[in-house]
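Notes for the one structure printed next.
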There are 2 protein chains.
Amino acid sequence: MPEDKPDRTGSLRTAVARRITALRQEKGFSLSGLAARAGIGKGTLSELEAGTRNATLETLYALAGPLGVPLTGLVGDETGRSVSDGVVDARLLTVRLHDDGGTTEVFWLTIAAGGTRTSPPHAPGTVEHLRVVRGSARVGPQGAEQPVDAGGPRSWPGDTVHCYRSTDGAEGVLVIETPRRPA
Amino acid sequence: MPEDKPDRTGSLRTAVARRITALRQEKGFSLSGLAARAGIGKGTLSELEAGTRNATLETLYALAGPLGVPLTGLVGDETGRSVSDGVVDARLLTVRLHDDGGTTEVFWLTIAAGGTRTSPPHAPGTVEHLRVVRGSARVGPQGAEQPVDAGGPRSWPGDTVHCYRSTDGAEGVLVIETPRRPA
DNA sequence: GCTTGCCGTTCCATATACAGAACACTTCAA
DNA sequence: TTGAAGTGTTCTGTATATGGAACGGCAAGC
């Protein structure tokens, strides 16, 4: 299959294609099975996953249901508030406010390869938890950073000066728990 | 103009239509002006905004640029789709696709007090990680559930039948990692 | 009045996304 | 072997999304 299209939106197309394929396989569906569940032709899905088709909104919506993701999960060019300084990018996924006044924030964290970032203390009692899913990093109170990689999560107090660093780059989920509302 | 379509995705269509119109007017663009900026036919945009057309991904992407929003801003959150059965509510926060073909999904999980839920196996090699921030739960392969509370996270294989249960209710962050699909 | 220049809508010919059939291939059981 | 039941890909006729042209409406200038 020659791939010599001008490729203006081609990258988007292949991105969506990869997303669909990944989600389908994750759910354990066959191509034919997903097509049937979504109520679309299997040829349609085949070419969609091959990136040779420019799907309509209707088709994508039909696929989103069985795949168990919102439409944004398919077209997903990620957006949302993100704090980035070139080294650490923290994209806020959600904030939960609890009855006791505490809060839980969930971020998708990306640390650039070779980068180091120092963060000022948060409110007293704050705890940070990082689970790395790709790459590896060293995190924790300044001077006492601990390694963290895909092997397991790491937690550290967030109410002191703390560092994020990575030599080979890292991605993961950062959870920040604040026990009570800051005064 | 027959308006007697079954209208299954009609609501989605009109939702997108309203969004485009609102964003266009917010930006102060005329319909023709936006069509020109996006490089699409003005007839296309007219019918799109009228909700009588089922746009392709390419068309929507072309519009997203001049409107200054990511594609997700057009297709809209719709629902932060949550899979809920009355016991476990899993709200998808993000899906990450990695270069090696693996995926990482992040959910905000709520387990109702006194509830138990059994989940069928996911793809081979899938691993689930749960960090509870409120309440406590027991999770893991069926028959081998382990307690998990605010004290620390718990991980277990997701490719076998597994359970979520909680006596007093629980909330937390669930990370599902799916490895690269073996051929 | 008659332009000129926008606006948004409606029409048209063409390109293409669609569902489904036909296909080649693999696996598995008789 | 043979067949049946899967898989994903390619083909085909139809439906429709597309860009662009034609259209009518409206306002400002001549």
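Chain A is the first sequence line, chain B the second, and so forth, proteins listed ahead of strands; every chain is numbered from 1.
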Q: Say whether A/Val173 and B/Val127 are linked into one hydrophobic cluster, either directly or through other cluster members, by side-chain heavy-atom distances under 4.5 angstrom.
A: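 No; B/Val127 is not reachable from A/Val173 via cluster members.
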Between [N] ([atom2]) and [X] ([atom1]): distance, integer Å:
{"X": "B/Leu48", "N": "D/dT16", "atom1": "CG", "atom2": "C1'", "answer": "13 Å"}
{"X": "A/Glu58", "N": "D/dT16", "atom1": "CD", "atom2": "C1'", "answer": "11 Å"}
{"X": "B/Leu45", "N": "D/dA17", "atom1": "CG", "atom2": "P", "answer": "15 Å"}
{"X": "B/Leu63", "N": "D/dA17", "atom1": "CG", "atom2": "P", "answer": "15 Å"}
{"X": "B/Leu34", "N": "D/dG19", "atom1": "CG", "atom2": "P", "answer": "12 Å"}
{"X": "B/Leu57", "N": "C/dC18", "atom1": "CG", "atom2": "P", "answer": "10 Å"}
{"X": "A/Glu47", "N": "D/dC11", "atom1": "CD", "atom2": "P", "answer": "9 Å"}

(Q) Assuming nearest nucleotide by heavy-atom distance, tell me which of B/Thr44 and A/Arg53 is located more 5' along DNA chain C. (A)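 The 5'-side residue here is B/Thr44.
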(Q) I need the minimum non-hydrogen distance between A/Ala170 and A/Ser136, along with the two atoms involved. (A)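 Minimum heavy-atom contact is CB-O, 3.5 Å.
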Q. Between the main-chain N or O of A/Ala17 and the side-chain N or O of A/Thr21, is there a donor-acceptor pair closer than 3.5 Å?
A.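 Checking the backbone N and O of A/Ala17 against the side chain of A/Thr21, a donor-acceptor pair under 3.5 Å is found.
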Q | Polar side-chain atom of A/Thr52 near backbone of A/Glu47 as donor-acceptor pair, under 3.5 Å | A | yes
Q: List the steps and the verdict of side chain to side chain contact (heavy atoms under 4.5 Å, CB included) for A/Leu23 and B/Thr103.
A: CA-CA 8 Å; A/Leu23 286 168; B/Thr103 64; 5.8 Å; no
Please tabulate, for side-chain N and O atoms in residues 139-148 of chain B, each donor-acceptor pair with protein atoms closer than 3.5 Å (sequence neighbours left out).
from     : atom 1 : to       : atom 2 : distance (Å)
B/Glu145 : OE1    : B/Gly143 : N      : 3.4
B/Glu145 : OE2    : B/Gly143 : N      : 3.4

(Q) From the set C/dC11, D/dA17, C/dA19, return the single nucleotide nearest to any side-chain atom of A/Ile40. (A)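 The answer is C/dA19.
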Q | Which nucleotide in C/dT10, D/dT10, C/dA17 has an atom nearest any side-chain atom of A/Ser46 | A | D/dT10
Listed pairs, N/O of protein and of nucleotides 3-7 of chain C, under 3.5 Å:
from  : atom 1 : to      : atom 2 : distance (Å)
C/dC7 : OP1    : B/Ser30 : OG     : 2.8

